[in-house]
2 protein chains.
Amino acid sequence: MNEDEIEGRLREFEVICRRRGLPLTVQRRDILKAVLERDDHPSADQIHDAVKERIPGLSRTTVYRVLDTLVEMGVIRRLHHPGAIARFDGKIHRHHHLICRSCQHVIDIETKSFDTLKLAPSQRHGFEIEDFTVHFVGLCAECRRKMS
Amino acid sequence: MNEDEIEGRLREFEVICRRRGLPLTVQRRDILKAVLERDDHPSADQIHDAVKERIPGLSRTTVYRVLDTLVEMGVIRRLHHPGAIARFDGKIHRHHHLICRSCQHVIDIETKSFDTLKLAPSQRHGFEIEDFTVHFVGLCAECRRKMS
DNA sequence: CTCCGTGCAAAAGGTTTGCACTGGT
DNA sequence: ACCAGTGCAAACCTTTTGCACGGAG
(Lines give C-alpha, C1' and ligand atoms only; values in the text may rest on other atoms or scores of the structure.)
Protein backbone atom coordinates (compact mmCIF):
# COMPACT_ATOMS: atom_id res chain seq x y z
CA MET A 1 0.00 0.00 0.00
CA ASN A 2 1.49 3.40 -0.94
CA GLU A 3 2.15 6.36 1.33
CA ASP A 4 -0.90 8.37 0.23
CA GLU A 5 -3.25 5.47 0.55
CA ILE A 6 -1.97 4.77 4.06
CA GLU A 7 -2.41 8.43 5.01
CA GLY A 8 -5.97 8.28 3.76
CA ARG A 9 -6.74 5.16 5.75
CA LEU A 10 -5.24 6.65 8.90
CA ARG A 11 -7.36 9.77 8.55
CA GLU A 12 -10.42 7.64 7.97
CA PHE A 13 -9.51 5.78 11.15
CA GLU A 14 -9.29 9.02 13.12
CA VAL A 15 -12.74 9.99 11.91
CA ILE A 16 -14.22 6.68 13.04
CA CYS A 17 -12.55 7.06 16.43
CA ARG A 18 -13.97 10.52 16.99
CA ARG A 19 -17.38 9.49 15.82
CA ARG A 20 -17.38 6.63 18.30
CA GLY A 21 -15.73 8.60 21.06
CA LEU A 22 -12.80 6.17 21.11
CA PRO A 23 -9.55 7.65 22.44
CA LEU A 24 -7.02 8.03 19.65
CA THR A 25 -3.80 6.65 21.14
CA VAL A 26 -0.33 6.49 19.68
CA GLN A 27 -0.43 2.70 20.01
CA ARG A 28 -3.61 2.40 17.96
CA ARG A 29 -2.36 4.67 15.24
CA ASP A 30 1.06 3.03 14.96
CA ILE A 31 -0.30 -0.51 15.07
CA LEU A 32 -2.79 0.27 12.31
CA LYS A 33 -0.01 1.92 10.31
CA ALA A 34 2.19 -1.15 10.71
CA VAL A 35 -0.55 -3.43 9.37
CA LEU A 36 -1.20 -1.12 6.41
CA GLU A 37 2.49 -0.91 5.58
CA ARG A 38 2.82 -4.62 5.02
CA ASP A 39 1.60 -6.64 2.11
CA ASP A 40 2.05 -10.01 3.72
CA HIS A 41 -0.31 -11.01 6.48
CA PRO A 42 1.56 -10.33 9.69
CA SER A 43 0.80 -12.14 12.93
CA ALA A 44 0.21 -10.24 16.15
CA ASP A 45 3.77 -10.94 17.13
CA GLN A 46 5.20 -9.62 13.88
CA ILE A 47 3.22 -6.43 14.38
CA HIS A 48 4.58 -6.20 17.87
CA ASP A 49 8.13 -6.51 16.58
CA ALA A 50 7.57 -3.85 13.94
CA VAL A 51 5.91 -1.31 16.20
CA LYS A 52 8.09 -1.67 19.26
CA GLU A 53 10.94 -0.01 17.37
CA ARG A 54 8.89 3.19 17.46
CA ILE A 55 7.24 2.55 20.83
CA PRO A 56 9.88 0.74 22.88
CA GLY A 57 7.67 -0.07 25.88
CA LEU A 58 4.87 -1.54 23.77
CA SER A 59 3.43 -4.70 25.26
CA ARG A 60 2.20 -7.74 23.40
CA THR A 61 -1.08 -7.50 25.30
CA THR A 62 -1.76 -4.08 23.83
CA VAL A 63 -1.07 -5.34 20.32
CA TYR A 64 -3.63 -8.10 20.76
CA ARG A 65 -6.18 -5.73 22.24
CA VAL A 66 -5.68 -3.05 19.62
CA LEU A 67 -5.87 -5.55 16.77
CA ASP A 68 -9.19 -6.77 18.16
CA THR A 69 -10.44 -3.23 18.31
CA LEU A 70 -9.35 -2.50 14.75
CA VAL A 71 -11.07 -5.64 13.49
CA GLU A 72 -14.20 -4.70 15.37
CA MET A 73 -14.05 -1.22 13.84
CA GLY A 74 -13.74 -2.82 10.43
CA VAL A 75 -10.47 -1.11 9.46
CA ILE A 76 -8.49 -4.34 9.26
CA ARG A 77 -9.40 -8.01 8.82
CA ARG A 78 -8.57 -11.10 10.78
CA LEU A 79 -7.50 -14.01 8.59
CA HIS A 80 -7.48 -17.68 9.39
CA HIS A 81 -4.82 -19.20 7.28
CA PRO A 82 -3.06 -22.44 7.99
CA GLY A 83 -0.60 -22.29 10.83
CA ALA A 84 -3.19 -21.86 13.58
CA ILE A 85 -1.95 -18.33 14.20
CA ALA A 86 -4.33 -15.45 13.55
CA ARG A 87 -3.03 -13.14 10.88
CA PHE A 88 -4.15 -9.64 10.03
CA ASP A 89 -4.69 -7.78 6.82
CA GLY A 90 -5.12 -4.10 6.08
CA LYS A 91 -6.81 -4.89 2.77
CA ILE A 92 -10.49 -4.78 3.51
CA HIS A 93 -11.69 -4.94 -0.07
CA ARG A 94 -12.47 -8.29 -1.58
CA HIS A 95 -9.54 -10.45 -2.51
CA HIS A 96 -8.70 -14.11 -2.64
CA HIS A 97 -5.89 -16.42 -1.61
CA LEU A 98 -3.57 -19.01 -3.01
CA ILE A 99 -2.48 -21.34 -0.23
CA CYS A 100 0.27 -23.92 -0.55
CA ARG A 101 -0.73 -27.06 1.31
CA SER A 102 2.88 -28.00 1.83
CA CYS A 103 4.72 -24.85 3.00
CA GLN A 104 1.50 -22.97 3.85
CA HIS A 105 2.67 -19.91 1.98
CA VAL A 106 -0.15 -17.52 1.12
CA ILE A 107 -0.38 -15.25 -1.91
CA ASP A 108 -3.08 -12.59 -2.38
CA ILE A 109 -4.89 -12.46 -5.68
CA GLU A 110 -7.51 -10.08 -6.94
CA THR A 111 -9.71 -11.68 -9.49
CA LYS A 112 -12.46 -9.34 -10.45
CA SER A 113 -14.19 -12.00 -12.49
CA PHE A 114 -15.26 -13.72 -9.26
CA ASP A 115 -17.21 -10.65 -8.19
CA THR A 116 -20.33 -12.04 -9.79
CA LEU A 117 -20.24 -15.05 -7.48
CA LYS A 118 -23.55 -15.22 -5.75
CA LEU A 119 -25.29 -17.53 -3.34
CA ALA A 120 -28.87 -18.55 -4.09
CA PRO A 121 -31.31 -17.44 -1.36
CA SER A 122 -32.12 -21.08 -0.63
CA GLN A 123 -28.48 -21.65 0.28
CA ARG A 124 -28.14 -18.69 2.60
CA HIS A 125 -29.53 -20.36 5.71
CA GLY A 126 -30.81 -17.02 6.97
CA PHE A 127 -27.37 -15.42 6.70
CA GLU A 128 -26.91 -11.89 5.51
CA ILE A 129 -23.84 -12.28 3.33
CA GLU A 130 -21.48 -9.34 3.43
CA ASP A 131 -18.53 -10.65 1.50
CA PHE A 132 -16.70 -13.78 0.43
CA THR A 133 -13.20 -15.03 -0.19
CA VAL A 134 -12.05 -17.88 -2.37
CA HIS A 135 -9.24 -20.05 -1.02
CA PHE A 136 -7.33 -21.91 -3.70
CA VAL A 137 -5.35 -24.78 -2.25
CA GLY A 138 -2.52 -26.48 -4.06
CA LEU A 139 1.22 -26.65 -4.35
CA CYS A 140 3.45 -23.64 -4.96
CA ALA A 141 6.22 -23.74 -7.56
CA GLU A 142 8.92 -24.08 -4.92
CA CYS A 143 7.32 -27.07 -3.19
CA ARG A 144 6.58 -28.77 -6.49
CA ARG A 145 10.22 -28.41 -7.43
CA LYS A 146 11.34 -29.89 -4.12
CA MET A 147 9.06 -32.89 -4.52
CA SER A 148 10.22 -33.87 -7.96
CA MET B 1 -22.85 -38.95 7.15
CA ASN B 2 -24.91 -42.16 7.24
CA GLU B 3 -23.87 -45.53 8.64
CA ASP B 4 -23.13 -47.14 5.26
CA GLU B 5 -21.10 -44.22 4.04
CA ILE B 6 -19.03 -44.28 7.23
CA GLU B 7 -18.46 -48.00 6.84
CA GLY B 8 -17.26 -47.45 3.30
CA ARG B 9 -14.87 -44.72 4.36
CA LEU B 10 -13.48 -46.85 7.16
CA ARG B 11 -12.85 -49.73 4.79
CA GLU B 12 -11.21 -47.37 2.34
CA PHE B 13 -9.02 -46.18 5.21
CA GLU B 14 -7.99 -49.76 6.02
CA VAL B 15 -6.99 -50.29 2.42
CA ILE B 16 -4.80 -47.17 2.42
CA CYS B 17 -3.18 -48.29 5.68
CA ARG B 18 -2.29 -51.71 4.33
CA ARG B 19 -1.03 -50.28 1.06
CA ARG B 20 1.27 -47.94 2.97
CA GLY B 21 2.21 -50.49 5.61
CA LEU B 22 0.77 -48.27 8.35
CA PRO B 23 -0.31 -50.15 11.48
CA LEU B 24 -4.09 -50.15 11.82
CA THR B 25 -4.69 -49.27 15.46
CA VAL B 26 -7.93 -49.02 17.42
CA GLN B 27 -7.16 -45.35 18.11
CA ARG B 28 -6.82 -44.49 14.42
CA ARG B 29 -10.00 -46.28 13.48
CA ASP B 30 -12.08 -44.79 16.29
CA ILE B 31 -10.75 -41.27 15.83
CA LEU B 32 -11.52 -41.37 12.12
CA LYS B 33 -14.97 -42.77 12.90
CA ALA B 34 -15.60 -39.95 15.37
CA VAL B 35 -14.73 -37.30 12.75
CA LEU B 36 -16.93 -38.97 10.13
CA GLU B 37 -19.84 -39.24 12.55
CA ARG B 38 -20.05 -35.50 13.06
CA ASP B 39 -21.37 -32.93 10.68
CA ASP B 40 -19.97 -29.95 12.51
CA HIS B 41 -16.23 -29.37 12.42
CA PRO B 42 -14.95 -30.75 15.69
CA SER B 43 -11.71 -29.53 17.26
CA ALA B 44 -9.04 -31.97 18.39
CA ASP B 45 -10.33 -31.66 21.92
CA GLN B 46 -13.91 -32.40 20.94
CA ILE B 47 -12.70 -35.52 19.14
CA HIS B 48 -10.79 -36.48 22.24
CA ASP B 49 -13.91 -36.10 24.35
CA ALA B 50 -15.97 -38.18 21.95
CA VAL B 51 -13.49 -41.02 21.55
CA LYS B 52 -12.35 -41.34 25.15
CA GLU B 53 -15.76 -42.76 26.04
CA ARG B 54 -14.87 -45.80 23.97
CA ILE B 55 -11.13 -45.75 24.75
CA PRO B 56 -10.88 -44.48 28.33
CA GLY B 57 -7.08 -44.16 28.44
CA LEU B 58 -6.86 -42.18 25.19
CA SER B 59 -4.44 -39.30 25.43
CA ARG B 60 -4.80 -35.90 23.82
CA THR B 61 -1.37 -36.32 22.27
CA THR B 62 -2.53 -39.36 20.35
CA VAL B 63 -5.54 -37.50 19.04
CA TYR B 64 -3.32 -34.75 17.68
CA ARG B 65 -0.91 -37.22 16.16
CA VAL B 66 -3.61 -39.38 14.60
CA LEU B 67 -5.42 -36.37 13.18
CA ASP B 68 -2.18 -35.26 11.54
CA THR B 69 -1.73 -38.71 10.07
CA LEU B 70 -5.29 -38.78 8.75
CA VAL B 71 -4.85 -35.36 7.13
CA GLU B 72 -1.60 -36.48 5.60
CA MET B 73 -3.33 -39.61 4.27
CA GLY B 74 -6.01 -37.40 2.77
CA VAL B 75 -8.95 -39.07 4.52
CA ILE B 76 -9.91 -35.95 6.49
CA ARG B 77 -9.25 -32.24 6.10
CA ARG B 78 -7.85 -29.63 8.38
CA LEU B 79 -9.90 -26.42 8.41
CA HIS B 80 -8.89 -22.97 9.51
CA HIS B 81 -12.03 -21.28 10.59
CA PRO B 82 -12.32 -18.40 12.97
CA GLY B 83 -11.56 -19.27 16.54
CA ALA B 84 -7.85 -19.90 16.05
CA ILE B 85 -8.36 -23.58 16.83
CA ALA B 86 -7.76 -26.11 14.10
CA ARG B 87 -10.92 -27.97 13.18
CA PHE B 88 -11.32 -31.17 11.22
CA ASP B 89 -13.74 -32.34 8.62
CA GLY B 90 -14.46 -35.78 7.26
CA LYS B 91 -15.92 -34.31 4.06
CA ILE B 92 -13.10 -34.33 1.58
CA HIS B 93 -15.12 -33.42 -1.48
CA ARG B 94 -15.45 -29.78 -2.46
CA HIS B 95 -17.78 -27.73 -0.32
CA HIS B 96 -18.05 -24.17 0.90
CA HIS B 97 -18.75 -22.34 4.12
CA LEU B 98 -21.02 -19.73 5.59
CA ILE B 99 -19.27 -18.05 8.49
CA CYS B 100 -20.93 -15.68 10.93
CA ARG B 101 -18.53 -12.89 11.78
CA SER B 102 -20.20 -12.34 15.11
CA CYS B 103 -20.70 -15.78 16.70
CA GLN B 104 -18.24 -17.53 14.33
CA HIS B 105 -20.73 -20.27 13.63
CA VAL B 106 -19.94 -22.22 10.46
CA ILE B 107 -22.43 -23.89 8.11
CA ASP B 108 -21.43 -26.17 5.24
CA ILE B 109 -22.94 -25.55 1.84
CA GLU B 110 -22.55 -27.46 -1.38
CA THR B 111 -23.06 -25.24 -4.35
CA LYS B 112 -22.35 -27.16 -7.49
CA SER B 113 -22.66 -24.02 -9.60
CA PHE B 114 -19.30 -22.84 -8.25
CA ASP B 115 -17.56 -25.87 -9.69
CA THR B 116 -16.80 -23.96 -12.84
CA LEU B 117 -14.76 -21.41 -10.91
CA LYS B 118 -11.35 -21.26 -12.47
CA LEU B 119 -8.22 -19.21 -12.03
CA ALA B 120 -6.56 -17.75 -15.12
CA PRO B 121 -3.02 -19.09 -15.65
CA SER B 122 -1.66 -15.56 -15.21
CA GLN B 123 -3.10 -15.50 -11.69
CA ARG B 124 -1.71 -18.83 -10.60
CA HIS B 125 1.73 -17.61 -9.57
CA GLY B 126 3.21 -20.98 -10.44
CA PHE B 127 0.79 -22.82 -8.18
CA GLU B 128 -0.72 -26.12 -9.14
CA ILE B 129 -4.28 -25.65 -7.92
CA GLU B 130 -5.87 -28.78 -6.52
CA ASP B 131 -9.08 -27.47 -5.06
CA PHE B 132 -10.77 -24.39 -3.70
CA THR B 133 -13.27 -23.35 -1.07
CA VAL B 134 -15.45 -20.27 -0.94
CA HIS B 135 -15.91 -18.63 2.46
CA PHE B 136 -18.99 -16.48 2.71
CA VAL B 137 -18.78 -14.09 5.63
CA GLY B 138 -21.77 -12.33 7.12
CA LEU B 139 -24.24 -12.40 9.96
CA CYS B 140 -26.35 -15.42 10.84
CA ALA B 141 -30.07 -15.07 11.51
CA GLU B 142 -29.57 -15.43 15.26
CA CYS B 143 -26.96 -12.68 15.52
CA ARG B 144 -28.96 -10.37 13.31
CA ARG B 145 -31.95 -10.84 15.59
CA LYS B 146 -29.86 -10.07 18.67
CA MET B 147 -28.50 -6.88 17.13
CA SER B 148 -31.85 -5.41 16.23
C1' DC C 1 11.13 -59.72 16.93
C1' DT C 2 11.25 -55.15 15.37
C1' DC C 3 9.27 -50.71 14.94
C1' DC C 4 5.90 -47.67 15.02
C1' DG C 5 2.26 -45.94 17.81
C1' DT C 6 0.82 -44.65 22.29
C1' DG C 7 0.64 -42.44 26.91
C1' DC C 8 2.44 -39.40 30.15
C1' DA C 9 4.54 -35.31 31.51
C1' DA C 10 6.58 -31.34 30.42
C1' DA C 11 7.56 -27.66 27.19
C1' DA C 12 6.34 -24.48 23.82
C1' DG C 13 3.83 -21.14 21.53
C1' DG C 14 -0.21 -17.90 21.04
C1' DT C 15 -3.75 -15.45 23.36
C1' DT C 16 -6.44 -13.78 27.37
C1' DT C 17 -7.18 -11.93 31.99
C1' DG C 18 -6.61 -9.20 36.56
C1' DC C 19 -4.92 -5.33 38.44
C1' DA C 20 -2.68 -0.99 39.12
C1' DC C 21 -1.23 3.01 36.60
C1' DT C 22 -1.04 6.23 32.74
C1' DG C 23 -2.83 9.15 29.36
C1' DG C 24 -6.58 10.83 26.16
C1' DT C 25 -10.82 13.56 26.14
C1' DA D 1 -11.27 14.68 36.67
C1' DC D 2 -13.04 10.63 34.60
C1' DC D 3 -12.84 6.70 32.18
C1' DA D 4 -10.80 3.99 28.73
C1' DG D 5 -6.30 2.29 27.30
C1' DT D 6 -1.91 0.40 28.61
C1' DG D 7 1.80 -2.51 30.72
C1' DC D 8 3.15 -6.28 33.40
C1' DA D 9 2.79 -10.83 35.05
C1' DA D 10 0.44 -14.71 35.39
C1' DA D 11 -3.04 -17.73 33.69
C1' DC D 12 -5.02 -20.34 29.95
C1' DC D 13 -5.52 -23.16 26.09
C1' DT D 14 -4.00 -25.57 22.15
C1' DT D 15 -0.36 -28.01 20.19
C1' DT D 16 4.35 -30.18 20.15
C1' DT D 17 8.21 -32.87 21.96
C1' DG D 18 11.07 -36.47 24.67
C1' DC D 19 11.11 -40.72 26.50
C1' DA D 20 9.73 -45.36 28.00
C1' DC D 21 6.39 -48.94 27.21
C1' DG D 22 3.27 -51.86 24.55
C1' DG D 23 0.99 -53.70 20.62
C1' DA D 24 0.68 -54.30 15.37
C1' DG D 25 2.89 -56.38 11.42
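Naming: A, B, ... by sequence-line order, numbering from 1 per chain.
For the pair A:H48 NE2 and C:dG13 P, the computed distance is 16 Å after rounding to whole Å. In this structure, the CZ atom of A:R29 is 14 Å from the P atom of C:dG24, given to the nearest Å. Distance, B:L67 CG to D:dT14 P: 14 Å, rounded to whole Å. Residue B:L32 contributes atom CG, which lies 16 Å from atom P of C:dG5 at whole-angstrom precision. What separates CZ of A:R54 from P of D:dT6 is a distance of 15 Å, to the nearest Å. The distance from atom CG of A:L24 to atom C1' of C:dT25 is 11 Å, rounded to the nearest whole Å. We find that CZ of A:R60 is positioned 14 Å from C1' of C:dT16, with the value rounded to whole Å. Residue A:E72 contributes atom CD, which lies 15 Å from atom C1' of D:dG5 at whole-angstrom precision.
Of the candidate nucleotides C:dT25, C:dT17, C:dG5, C:dG5 has the atom nearest to the side chain of B:P23. Considering only the side chain of A:R28, D:dT6 comes nearest among C:dT16, D:dT6, C:dT6. With D:dG7, C:dG7, D:dT15 as the choices, the nucleotide that has an atom nearest any side-chain atom of B:A44 turns out to be D:dT15. Distance from the side chain of A:Y64 is smallest to C:dT15 among C:dT15, D:dA9, D:dT14.
Mapping B:T25 and B:T61 onto DNA chain C by nearest heavy atom places B:T25 at the nucleotide closer to the 5' end. Residue order along DNA chain D, read from the 5' end via each residue's closest nucleotide, puts B:D68 first among B:D68 and B:V26.
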Mind running side chain to side chain contact (heavy atoms under 4.5 Å, CB included) on B:V137 and B:L98 for me, showing each step along the way?
CA-CA 6 Å; B:V137 180; B:L98 279 172; over 6 Å; no
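Around CD of B:E53, the count of heavy atoms belonging to other residues, nucleotides or ligands within 6.0 Å does not exceed 12.
A donor-acceptor contact under 3.5 angstrom links the side-chain atoms of B:R65 to the base of C:dG7.
As judged by a 4.0 angstrom heavy-atom cut-off over every strand, A:G21 is placed among residues making no nucleic acid contact.
A salt bridge does not link B:R9 with B:E5: every distance from a Lys NZ or Arg NE/NH1/NH2 to an Asp or Glu carboxylate oxygen is 4.0 Å or more. Salt-bridge check for B:R77 with B:D131: passed, with a basic side-chain N closer than 4.0 Å to an acidic carboxylate O. Classification of B:E14 and B:R29 as a salt-bridged pair holds, one side-chain N sitting under 4.0 Å from a carboxylate O.
Look at A:Q27 and you'll find a side-chain N or O under 4.0 angstrom from OP1 or OP2 of D:dG7.
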